[in-house]
There are 2 protein chains.
Amino acid sequence: MFELDLRSGKPIYEQIVDKFKELIINQVLETDEKLPSVRELAQQLTINPNTIQKAYRELENQELIYSVKGRGSFVNAISAQVDPQKVKHMQEELKKLLTEALFVGVTADEIRSVVENLLQNGGGSDA
Amino acid sequence: MFELDLRSGKPIYEQIVDKFKELIINQVLETDEKLPSVRELAQQLTINPNTIQKAYRELENQELIYSVKGRGSFVNAISAQVDPQKVKHMQEELKKLLTEALFVGVTADEIRSVVENLLQNGGGSDA
DNA sequence: TAACTGTATTAGTTATAATAGTACACTTGA
DNA sequence: TCAAGTGTACTATTATAACTAATACAGTTA
């Protein structure tokens with residue numbers, strides 16, 4: 001399904017969370033699509049099932065997936081409700097990142113280009 | 001100088017790095033301006049001097065400050081040279097963040113507004 | 001020279017990440 | 001019904017990282 005970097009220093013469970021987050025946000029995984037079981041994915045990645053469980057729990061906390069005992073874990077529907085707190089947080093993150101981007105030399109035009117590309121594609125599928 | 005959140009889970013030295021990074025990028029601290037000494041800041045924040053040292057070392061690695069034995073630590077000049085690797089990295093980060101922003105419900109217009117605000121102010125001073 | 005600066009080293013404590021093994025409750029399909 | 005697969009919970013153990021602490025050394029400045 002994907003690869004892990006065991007030497008990156010980044011916790012394995014975080015890497016798993018990030019991968020799924022990316023797949024879900026980009027709608028590579030569709031709503032109600034089943035994720036690999038805890039044990040199955042653990043075997044594939046040759047890591048401990050508890051590590052997968054921790055990742056799935058985190059994804060559930062972020063409301064990206066839902067889990068049903070005995071059945072499995074599934075991709076959540078994209079929330080129709082906008083969380084004002086999340087929105088505000090993202091705006092602040094955006095400001096920070098844009099400021100830093102300008103600092104390291106990304107030009108205003110490059111930024112506009114990146115932004116318009118994404119906005120016109122509606123944020124769907126591949127980057 | 002600023003406050004720490006000792007319960008945030010985020011390492012103290014990272015918080016310090018982030019604060020200074022913000023101050024430097026936003027040019028609140030000017031080129032060659034002196035940072036508080038390791039011991040002084042440690043006393044102000046009532047934490048260990050080694051933690052400050054770790055933060056300063058990290059800032060030096062990121063080329064945001066330079067340190068001179070016996071004199072102190074100072075804000076680096078903004079690099080005139082553009083690092084293509086950093087630029088590419090920032091563009092990718094920007095894509096990721098924008099995709100996530102759209103996902104949580106930040107509208108395209110809000111994004112454009114945030115972007116234009118920053119671009120027109122040249123990324124200077126306060127957010 | 002005294003007082004300040006950054007830097008280095010060693011040690012110890014605490015918290016987190018990850019592994020390992022086991023157990024329980026639920027769902028599904030043969 | 002029941003076996004196999006599912007999520008979940010718990011305890012224990014090891015390894016690593018973060019942080020504190022104390023001390024020492026080297027350079028700068030007035």
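Small disclaimer: the values here were computed from a predicted structure and weren't measured. So you know, we letter chains A, B, ... as the sequences are listed, proteins then strands, and number each from 1.
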(Q) Need one value for A:Arg57: base, sugar-phosphate or nothing, where a base atom within 4.0 Å counts as base even if backbone is also close, heavy atoms only. (A) nothing

Presence of [X] side-chain N/O under 4.0 Å of [N] phosphate oxygens OP1/OP2:
X: A:Arg71; N: C:dT28; answer: yes
X: A:Thr51; N: C:dT19; answer: yes
X: B:Ser73; N: C:dG6; answer: yes
X: A:Tyr13; N: C:dA17; answer: yes
X: B:Ser67; N: C:dG6; answer: no

Closest to side chain of [X], choosing from [options]:
X: B:Arg39; options: C:dC24, C:dT19, D:dA24; value: D:dA24
X: B:Asn50; options: C:dT19, D:dT6, D:dA21; value: D:dA21
X: B:Pro11; options: D:dC19, D:dT20, C:dT5; value: D:dC19

For the pair made of [atom1] in [X] and [atom2] in [N], what is the distance, rounded to whole Å?
X: B:Ile52; N: C:dT7; atom1: CD1; atom2: P; result: 13 Å
X: B:Lys69; N: D:dT29; atom1: NZ; atom2: P; result: 14 Å
X: A:Leu6; N: D:dT16; atom1: CG; atom2: P; result: 13 Å
X: B:Gln53; N: D:dC25; atom1: CD; atom2: C1'; result: 13 Å
X: B:Tyr56; N: D:dC19; atom1: OH; atom2: C1'; result: 18 Å
X: B:Ile16; N: D:dA18; atom1: CD1; atom2: C1'; result: 12 Å
X: B:Glu60; N: C:dG6; atom1: CD; atom2: P; result: 11 Å
X: B:Leu45; N: D:dC19; atom1: CG; atom2: C1'; result: 14 Å

*Taking for each residue the nucleotide of DNA chain D with the nearest heavy atom, is it B:Asn48 or A:Gly70 whose nucleotide lies nearer the 5' end?*
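First, find each residue's nearest nucleotide; the 5'-ward one identifies A:Gly70.
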
Taking for A:Val38 and for B:Lys54 the nucleotide of DNA chain D with the nearest heavy atom, the one nearer the 5' end belongs to A:Val38

| said: Can a side-chain donor-acceptor contact be found between B:Thr107 and B:Glu110 if the only test is distance below 3.5 angstrom? | reply: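 The criterion, which ignores hydrogens and geometry beyond distance, is satisfied for B:Thr107 and B:Glu110.
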
Check: B:Tyr13/B:Asn48 side-chain N/O donor and acceptor closer than 3.5 Å: no

Report task. For A:Gln43, look at atom CD and say whether over 12 heavy atoms of other residues, nucleotides or ligands are found less than 6.0 Å away. Result -> no

Original post:
Okay, side chain of A:Gln15, backbone of A:Lys10: is any donor-acceptor separation there less than 3.5 Å?
Top reply: yes

- Query: Between the side chain of B:Glu33 and the main-chain N/O of B:Glu30, is any donor-acceptor distance below 3.5 Å?
  - Reply: yes

